[in-house]
Asker: 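Have a look at this one.
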Amino acid sequence: MNIIDELNEQLKNSSTQEVIEFFLNQYKNKVALASSLGAEDQVLTDIIFKIDKSSKVFTLDTARLNPETYDVMDATNLKYGVKLDVYFPNLDNVEELYKTQGINGHFESIENRKRCCSIRKIEPLKRALKGLDVWFTGLRSSQSITREDMKLVEWDEAFKLIKVNPLINWSEEDVWDYIKANSVPYNKLHDKGYPSIGCAPCTRAVKDGEDIRAGRWWWENPEHKECGLHKK
């Protein structure tokens, strides 16, 4: 049995808080939360900081975020008395992106969109994860057809470290019940029909009855709707 199977077996009956505390204790400064500042990641941020205020929580500023996302970043810093770590894309890469495909070339093809995601999200994420052994994510299995087979603990082959999904079995209702019960700051776009929030040009509100990930890269087929951060 490999380490991933061992961890899944060991933690299969643990609560979300117990899972997070286990990794914070076992991996110390080698574990971090990668936060999109969406509802799920805000739940994890609250749980993590209640366990250990010195824990590493970081976010990626792609330079194309909504104003509401910056608002919740500020509210989070103020509530917990912290400064979230923020990673930006490489300036030279962004300038080259604009020269080759313009400001909105990501709408023209999946290849263009993935190139934009790679520059604005993947490269900064690699820098953020450097030196870590474990990263927490807010993924839930019910969010998308690309996520329904994910487990609590996985090996992330792309980034060569352990990925932990503490909310993997949570429902959307579970997330919002926790936010309300614990007065967790959240992105106000959620109140305007945005269940999933990314870069401003690539995110829209969803209609009643639509899948919760329908507002992300809505011009693409559902099976393509990942940016590369959580690719198997």
Side-chain angles (χ1 to χ4, degrees), residues 11 14-21 23-24 31-51 55-62 65-66 68-73 75-77 79-80 82 84-86 121 125 128-129 134-154 156 162-199 202-203 205-206 210-217 225-231:
L11 298 168
S14 300
S15 68
T16 298
Q17 285 82 356
E18 289 170 341
V19 168
I20 292 171
E21 191 163 12
F23 283 100
L24 290 178
V31 57
L33 168 65
S35 175
S36 69
L37 300 167
E40 288 81 5
D41 290 328
Q42 289 299 100
V43 167
L44 291 177
T45 296
D46 186 80
I47 295 173
I48 288 170
F49 284 149
K50 283 177 177 175
I51 295 171
S55 299
K56 181 179 176 66
V57 177
F58 70 84
T59 190
L60 308 178
D61 186 343
T62 65
L65 302 179
N66 291 282
E68 291 87 347
T69 303
Y70 294 107
D71 290 342
V72 74
M73 187 191 305
T76 301
N77 286 340
K79 178 177 176 64
Y80 302 105
V82 299
L84 299 180
D85 292 336
V86 182
K121 299 172 78 173
L125 179 64
L129 295 177
V134 178
W135 67 311
F136 293 123
T137 84
L139 300 181
R140 295 188 294 107
S141 60
S142 62
Q143 286 173 324
S144 156
I145 62 172
T146 63
R147 298 178 177 181
E148 56 191 13
D149 294 326
M150 288 183 167
K151 301 182 184 304
L152 172 64
V153 184
E154 301 184 306
D156 193 317
I162 296 170
K163 180 165 75 173
V164 183
N165 310 309
L167 305 183
I168 194 67
N169 294 318
W170 282 42
S171 67
E172 186 177 3
E173 184 179 9
D174 291 333
V175 171
W176 286 103
D177 284 348
Y178 184 96
I179 286 174
K180 292 172 184 175
N182 293 275
S183 300
V184 177
Y186 69 90
N187 195 316
K188 299 309 178 185
L189 286 175
H190 290 309
D191 294 334
K192 301 176 182 179
Y194 288 71
S196 179
I197 302 167
C199 293
C202 298
T203 309
V206 301
E210 277 192 305
D211 181 86
I212 64 171
R213 292 276 292 176
R216 300 296 296 278
W217 308 298
K225 291 188 175 186
E226 293 290 355
C227 61
L229 267 66
H230 302 296
K231 187 167 58 177

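Computed from a prediction, not measured in an experiment: that's the story for all the values here.
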Asker: Nearest heavy-atom pair of Asp41 and Leu33: which atoms, and what distance?
Answerer: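 The pair with the smallest heavy-atom distance is O-CD2, 3.8 Å.
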Asker: Does Lys79 reach the side chain of Asp46, with side-chain heavy atoms less than 4.5 Å apart?
Answerer: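 Answer yes - side chains close enough.
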Asker: Quick check: closest heavy atoms across Lys50 and Asn182, and the distance to 0.1 Å?
Answerer: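 Nearest heavy atoms, Lys50 then Asn182: NZ-OD1, 2.9 Å.
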Asker: Taking all non-hydrogen atoms of both residues, which atom of Val175 and which atom of Glu40 are closest, and how far apart?
Answerer: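 Val175 and Glu40 have their closest heavy atoms at CG2-CG, 4.0 Å.
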Asker: Applying side-chain contact (heavy atoms from CB on, under 4.5 Å), run through Leu11 and Phe23 and close with a yes or a no.
Answerer: CA-CA 11 Å; Leu11 298 168; Phe23 283 100; 3.5 Å; yes
Asker: Keeping Asp177 on the side-chain end and Asp174 on the backbone end, is there a donor-acceptor pair under 3.5 Å?
Answerer: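 Judged by distance alone, no pair lies under 3.5 Å.
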Asker: Heavy-atom distance under 4.5 Å between the side chains of Leu129 and Phe58, does that happen here?
Answerer: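 In short, these two side chains touch, coming nearer than 4.5 Å.
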Asker: Could you tell me which non-hydrogen atom of Trp217 sits nearest to which non-hydrogen atom of Lys121, and how far apart they are?
Answerer: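 Of all heavy-atom pairs spanning Trp217 and Lys121, the closest is CZ2-NZ, 4.3 Å.
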Asker: Should the pair Tyr80 and Phe49 be assigned to parallel (<30°), tilted (30 to 60°) or perpendicular (>60°) ring geometry?
Answerer: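 Judged by the thresholds at 30° and 60°, the geometry between Tyr80 and Phe49 is tilted.
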Asker: Does Tyr178 have Lys180 sitting over its ring (NZ/CZ under 6.0 Å from centre, angle to axis within 45°)?
Answerer: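 Because its charged atom misses either the 6.0 Å distance or the 45° angle limit, Lys180 does not stack over Tyr178.
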Asker: Quick one: does Leu84's side chain get under 4.5 Å of Ser35's, heavy atoms only?
Answerer: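 Counting from C-beta outward, Leu84 and Ser35 never come under 4.5 Å.
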Asker: Which pair of heavy atoms, one from Val206 and one from Pro195, lies closest together, and at what distance?
Answerer: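 So the two residues come closest at CG2-CD, 3.7 Å.
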Asker: Does some side-chain heavy atom of Lys188 sit less than 4.5 Å from a side-chain heavy atom of Val72?
Answerer: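 Val72 does not reach Lys188 side chain to side chain.
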Asker: Over all heavy atoms of both residues, which pair between Arg216 and Ser196 is shortest? Give the atoms and the distance, please.
Answerer: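 Closest pair (atom of Arg216, atom of Ser196, distance): NH1-OG, 2.9 Å.
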Asker: Backbone N or O of Leu189 within a donor-acceptor pair of the Asn187 side chain at under 3.5 Å?
Answerer: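 Side chain of Asn187 to backbone of Leu189, a donor-acceptor pair under 3.5 Å: yes, one is there.
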Asker: Would you indicate whether the side-chain heavy atoms of Gln42 and Leu37 approach each other to under 4.5 Å?
Answerer: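 Answer yes - side chains close enough.
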